[in-house]
Number of protein chains: 6
Amino acid sequence: MSASPHPVSRFGHVELEDMPDDLRKRIEKITEKSGFVPNVFRALARRPAELRAFLDYHDALMDSDVGLSRAERELVVVATSGANNCTYCVVAHGAILRVRAKDAEIADRVATNPWGVELSPRERAIVDLALLVATDSASLTDAELDDARIAGLSEDEIWDVGAITALFAMSNRLAHLTALRPNPEFFLMGRLPRI
Amino acid sequence: MSASPHPVSRFGHVELEDMPDDLRKRIEKITEKSGFVPNVFRALARRPAELRAFLDYHDALMDSDVGLSRAERELVVVATSGANNCTYCVVAHGAILRVRAKDAEIADRVATNPWGVELSPRERAIVDLALLVATDSASLTDAELDDARIAGLSEDEIWDVGAITALFAMSNRLAHLTALRPNPEFFLMGRLPRI
Amino acid sequence: MSASPHPVSRFGHVELEDMPDDLRKRIEKITEKSGFVPNVFRALARRPAELRAFLDYHDALMDSDVGLSRAERELVVVATSGANNCTYCVVAHGAILRVRAKDAEIADRVATNPWGVELSPRERAIVDLALLVATDSASLTDAELDDARIAGLSEDEIWDVGAITALFAMSNRLAHLTALRPNPEFFLMGRLPRI
Amino acid sequence: MSASPHPVSRFGHVELEDMPDDLRKRIEKITEKSGFVPNVFRALARRPAELRAFLDYHDALMDSDVGLSRAERELVVVATSGANNCTYCVVAHGAILRVRAKDAEIADRVATNPWGVELSPRERAIVDLALLVATDSASLTDAELDDARIAGLSEDEIWDVGAITALFAMSNRLAHLTALRPNPEFFLMGRLPRI
Amino acid sequence: MSASPHPVSRFGHVELEDMPDDLRKRIEKITEKSGFVPNVFRALARRPAELRAFLDYHDALMDSDVGLSRAERELVVVATSGANNCTYCVVAHGAILRVRAKDAEIADRVATNPWGVELSPRERAIVDLALLVATDSASLTDAELDDARIAGLSEDEIWDVGAITALFAMSNRLAHLTALRPNPEFFLMGRLPRI
Amino acid sequence: MSASPHPVSRFGHVELEDMPDDLRKRIEKITEKSGFVPNVFRALARRPAELRAFLDYHDALMDSDVGLSRAERELVVVATSGANNCTYCVVAHGAILRVRAKDAEIADRVATNPWGVELSPRERAIVDLALLVATDSASLTDAELDDARIAGLSEDEIWDVGAITALFAMSNRLAHLTALRPNPEFFLMGRLPRI
């Protein structure tokens with residue numbers, strides 16, 4: 001409710017041209033697709049070694065269509081980031097979820113109420129497991145994994161759901177630590193019908 | 001993530017033409033402005049007497065510029081509906097907040113993390129009081145009201161913050177009871193620059 | 001533990017004779033039955049339009065014997081007001097519950113431990129649904145409504161349980177906002193055998 | 001809401017005449033004052049050695065006027081038993097609190113909302129310390145004890161508040177374990193002016 | 001992470017030779033076995049009558065092999081003291097559990113995550129009931145006791161689980177109240193193979 | 001309480017000789033120091049790309065003496081893993097903390113009650129910030145960072161505390177997902193005086 005410019009993060013940020021070569025090239029490739037540099041990279045670049053590990057972890061878990069679909073992977077991110085009240089991840093990955101699921105409403109509905117949102121049985125099993133790992137992983141037992149198995153998830157899909165949730169448990173906390181601000185472009189992405 | 005049509009509510013709904021005359025006329029006026037019948041009215045019309053009381057309460061608290069501004073009133077609704085994980089109210093009142101605050105980002109940021117979102121001191125005092133009334137009203141003491149007074153809120157503004165929060169404590173629960181679905185129009189409202 | 005007089009509410013109150021005519025007449029009718037003006041009306045009369053809507057909502061949901069009995073409606077109020085730690089509603093509606101259920105103990109037992117109190121299966125289903133709507137409505141799914149249906153509740157009875165709970169989610173918060181004090185008469189009402 | 005007789009406890013009970021001599025004599029003395037055998041003794045008498053230890057602990061902490069007054073000791077019991085939702089202790093010790101504080105309202109107000117009830121600064125310090133020990137003792141630090149000291153509590157009074165809270169942490173759980181039912185006499189005790 | 005000496009408790013302590021005769025003799029017997037005076041006795045001796053009742057209660061519940069084995073009794077203590085974050089009881093009773101269960105790892109695993117630790121079905125039923133009584137006893141119903149019965153627990157074993165949990169609900173809070181420090185000897189006890 | 005062998009993880013594991021060359025060499029170096037292969041590496045090796053990113057992230061944050069000392073870094077891990085009830089991380093990093101802090105008791109005390117354990121003001125500020133990021137990062141504001149600054153932490157030290165907490169938010173969840181079992185060697189490490 002203020003027109004004043006907001007910083008990328010409370011720890012400042014690094015512009016693309018000031019990043020180490022390998023990181024700059026890697027993030028330029030992402031930028032070519034999206035048209036802008038997602039703020040998370042500009043904020044984490046304060047620590048190049050950590051950003052490299054973050055990107056490697058992210059790519060290993062999110063850039064795959066084996067097992068979980070890409071839309072399902074984003075569903076895990078948006079549901080757990082909503083449960084964790086992480087604005088950056090809800091807005092940025094909500095945008096990606098809208099694009100990948102080709103559904104303009106799904107991200108807002110999942111992020112606001114991941115417990116009650118209507119989903120297919122497979123999606124519900126994915127989200128229920130993710131929410132448990134996100135908010136109360138110590139109580140996870142074989143019984144909950146069996147629920148996921150009954151809904152048809154394979155062992156590797158269960159690993160993916162749990163590991164993506166774990167990665168964004170980290171990512172949500174980094175966003176809160178740095179008061180990371182979503183790029184304005186994310187808010188509208190995937191909301192308008194493609195012409 | 002499904003193309004199948006979703007019902008307005010799990011208790012069905014009443015179309016405008018089937019409502020009692022007084023309710024139909026009253027809601028038609030709202031529809032003239034918005035261009036569509038908000039689903040909350042179609043769902044609650046199952047019980048005309050309750051819908052009348054709901055509209056009266058809503059108008060008494062939300063259609064006033066004395067004390068709290070209209071944008072501030074919507075800020076209370078979006079912050080507490082976010083804390084209550086109410087999709088209908090976050091999406092519908094998020095749209096109104098975007099319009100009234102002339103800010104395309106504010107609703108998503110407030111709804112996702114009402115505790116951490118950056119606000120002016122007056123807005124922060126409003127939201128903090130609202131969140132306390134929404135989530136732990138039994139522990140409210142004069143000390144918390146003094147915090148609001150120090151931030152400049154008058155006695156009537158404090159009443160407004162508390163009473164709007166209380167009204168949407170009811171409204172959020174009715175939305176959850178009925179599995180109320182936001183109209184598709186709300187999702188995009190206030191996100192595009194007016195031409 | 002102090003003999004000093006306590007105010008009706010931290011926002012002051014309006015005596016019956018200073019209320020607008022319609023409200024005064026309406027509350028006088030209630031007073032004829034009870035013998036005193038319940039403090040909630042004196043406190044909310046600061047805002048006549050809000051008090052009118054409150055009374056309308058209350059009458060629509062609480063003054064009916066269709067579906068839920070009047071004792072069952074009060075059971076919902078006392079159980080959820082106990083879970084919300086609302087002294088005014090527990091004391092005032094506890095009194096009404098004692099009278100309607102003709103049971104001197106039920107209110108204290110339900111208000112103190114609504115989760116564990118021994119109830120009939122129908123009452124337990126009513127209270128369980130009410131407690132879920134009161135404390136975690138976002139997680140309500142069809143499964144919980146099915147539990148209520150299996151216990152014999154009709155669709156309209158389910159609506160009543162949910163809507164009464166929602167109304168007192170509002171009412172409890174208004175009582176906490178205003179530090180509303182129960183009239184001394186409520187504490188003893190329904191505790192003595194009628195002679 | 002049922003006229004059927006309820007058992008004293010879900011583990012049965014022992015009548016006074018079937019107790020070991022020492023326990024019978026000890027409880028007869030209590031009964032002389034109250035006019036009935038409090039159900040807690042009939043339920044715990046299943047295990048005489050445990051009942052003896054319980055009575056010894058109780059007498060050591062509750063039957064003393066050194067430091068905390070007897071009314072203040074009961075205030076700790078009612079506040080923490082309310083926070084723990086223990087019907088037996090709220091009803092039975094609520095009765096004793098009414099008698100000792102000569103206040104017909106205090107028990108219902110403290111038990112329903114121990115956080116928000118209006119109390120003197122000394123009583124508030126006592127209740128705040130008790131609630132912390134009851135619900136989150138692991139986070140207790142010297143800072144909270146200093147708050148109690150500033151309100152005028154001595155080291156021994158602080159010990160008493162903490163130890164009484166601890167004793168009823170046990171007692172509340174035993175009442176819940178056994179589904180202990182308050183004697184009907186407790187509900188009305190201390191509510192009527194003495195003639 | 002400091003070499004400075006730490007006090008036994010924040011309320012001081014009483015050395016064995018300064019205790020009343022009966023307590024000194026009683027604790028000397030314990031000391032003969034363990035080789036040192038457990039700090040809990042030195043701290044609680046500030047109040048001899050309370051310490052006597054504490055010892056009596058403890059002996060009645062912990063020094064018996066009827067029903068629950070001694071290792072199972074310690075399992076209840078370590079699981080609930082872990083859930084209550086009580087360092088003294090986790091360290092001291094963890095030591096006893098290691099000795100009684102002849103298992104160098106069990107105490108650390110149970111105390112850190114009593115919900116998820118792998119146990120036999122009987123042990124799991126014991127720990128589940130204990131955790132419910134420790135953290136949410138108000139919601140205990142016959143259904144949970146039936147789960148314990150199905151796992152083979154007798155009525156007296158159920159009482160033991162609940163009563164031991166209740167006793168350590170008190171004990172954990174006393175340890176937190178007094179900032180009770182475990183004796184250094186407890187940390188290593190039962191970790192090394194006996195030669 | 002069972003002598004049967006337990007698996008490393010519920011998803012199986014990979015022995016050192018079956019890992020990709022780069023991972024095998026990297027982990028062999030760790031093994032040279034510790035004398036055994038920590039189970040976390042054998043479990044995560046199911047996914048070599050994820051294990052590489054995990055190791056990179058870990059080394060970037062944990063193998064540095066700039067700013068936070070190594071003992072302080074382990075203090076963050078043990079405190080937050082305790083709050084998250086993660087047995088693997090408490091046992092394994094508890095061992096490392098004992099070694100680095102040269103303190104046989106610190107790990108058990110911090111892991112069991114990170115809120116109440118006595119620490120130096122600098123350590124308390126580190127642990128308080130870590131616990132907030134671990135359990136409620138959405139509510140983190142500049143006020144909490146200012147508390148850390150007042151205790152003398154630099155911006156980079158604050159980042160380290162937050163980022164280590166975030167990394168172990170991930171790590172704890174992976175351990176729970178896989179039911180990861182600590183190597184027996186960790187339980188005793190650092191408990192005996194070096195001869």
Side-chain angles (χ1 to χ4, degrees), chain B residues 9-12 43-44 46-61 63-64 80-81 83-87 129-130 132-142 144-145 155-156 158-179, chain C residues 9-12 43-44 46-61 63-64 80-81 83-87 129-130 132-142 144-145 155-156 158-179:
Chain B
S9 116
R10 66 157 64 92
F11 285 88
L44 294 188
R46 176 189 174 102
R47 299 275 185 102
E50 295 168 32
L51 177 51
R52 276 181 205 107
F54 181 87
L55 286 165
D56 290 346
Y57 225 125
H58 181 278
D59 294 354
L61 282 167
D63 288 352
S64 166
T80 59
S81 298
N84 287 335
N85 303 105
C86 178
T87 303
L129 178 59
L132 183 63
V133 174
T135 64
D136 188 20
S137 67
S139 73
L140 183 74
T141 68
D142 289 328
E144 286 81 27
L145 297 191
E155 295 305 286
D156 267 305
I158 288 173
W159 178 292
D160 278 338
V161 171
I164 293 169
T165 302
L167 177 64
F168 281 85
M170 178 173 72
S171 192
N172 293 169
R173 282 163 180 80
L174 290 173
H176 285 142
L177 174 71
T178 59
Chain C
S9 116
R10 66 158 63 94
F11 285 88
L44 294 188
R46 177 189 174 102
R47 299 276 186 102
E50 295 168 33
L51 176 51
R52 277 182 203 105
F54 181 87
L55 285 164
D56 290 345
Y57 225 125
H58 181 278
D59 293 354
L61 282 167
D63 287 352
S64 166
T80 59
S81 298
N84 287 335
N85 303 105
C86 178
T87 303
L129 179 57
L132 184 63
V133 174
T135 64
D136 188 21
S137 67
S139 73
L140 183 75
T141 69
D142 288 329
E144 286 82 26
L145 297 190
E155 295 306 286
D156 267 306
I158 288 172
W159 179 291
D160 278 339
V161 170
I164 293 169
T165 302
L167 177 62
F168 281 85
M170 179 173 72
S171 193
N172 294 169
R173 281 162 180 80
L174 290 173
H176 285 142
L177 174 70
T178 58

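Not measured: the values here are computed from a predicted model.
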Would you give the length of the straight line joining atom OG of C:Ser137 to atom CG of B:Asn84, rounded to the nearest 0.5 angstrom? 6.5 Å

For C:Leu55, is it the side chain, the backbone, both, or neither that has a heavy atom closer than 4.5 Å to a heavy atom of chain B? neither

When C:Leu132, C:Asp156, C:Thr87 are compared by non-hydrogen pairs under 4.5 Å with chain B, the top option: C:Asp156

One should read off an interatomic distance between B:Thr178 OG1 and C:Trp159 CH2, to the nearest 0.5 angstrom, of 6.0 Å

Please report the closest heavy-atom contact between C:Ala60 and B:Ala49, naming both atoms and the distance. CB-CB, 4.0 Å

Please report the interatomic distance CE(B:Met170) to OH(C:Tyr57), rounded to the nearest 0.5 Å. 4.0 Å

Return yes if some donor-acceptor pair links the side-chain N/O of B:Arg173 with the main-chain N/O of C:Ala134 below 3.5 Å, else return no. yes

Working to the nearest 0.5 angstrom, can you tell me the gap between C:Arg46 CZ and B:Glu155 CD? 7.0 Å

With respect to chain B, which residue among C:Asp56, C:Val161, C:Thr141, C:Leu140 yields the maximal number of heavy-atom pairs within a distance under 4.5 Å? C:Leu140

Looking at C:Ala163 and B:Leu177, what are the two nearest heavy atoms and their distance? N-CD2, 4.0 Å

Given a strict heavy-atom distance threshold of 4.5 Å, which part of C:Leu44 is in contact with chain B: side chain, backbone, both, or neither? both

Taking every non-hydrogen pair under 4.5 Å, which of C:Thr135, C:Asp142, C:Thr165 racks up the most with chain B? C:Asp142

Would you indicate whether the side-chain heavy atoms of B:Glu50 and C:Leu61 approach each other to under 4.5 Å? yes

Does any heavy atom of chain B fall under 4.5 Å from the side chain of C:Phe168, the backbone, both, or neither of them? neither

dist B:Ile158:CD1 -> C:Arg10:CZ (nearest 0.5 Å) comes out at 9.5 Å

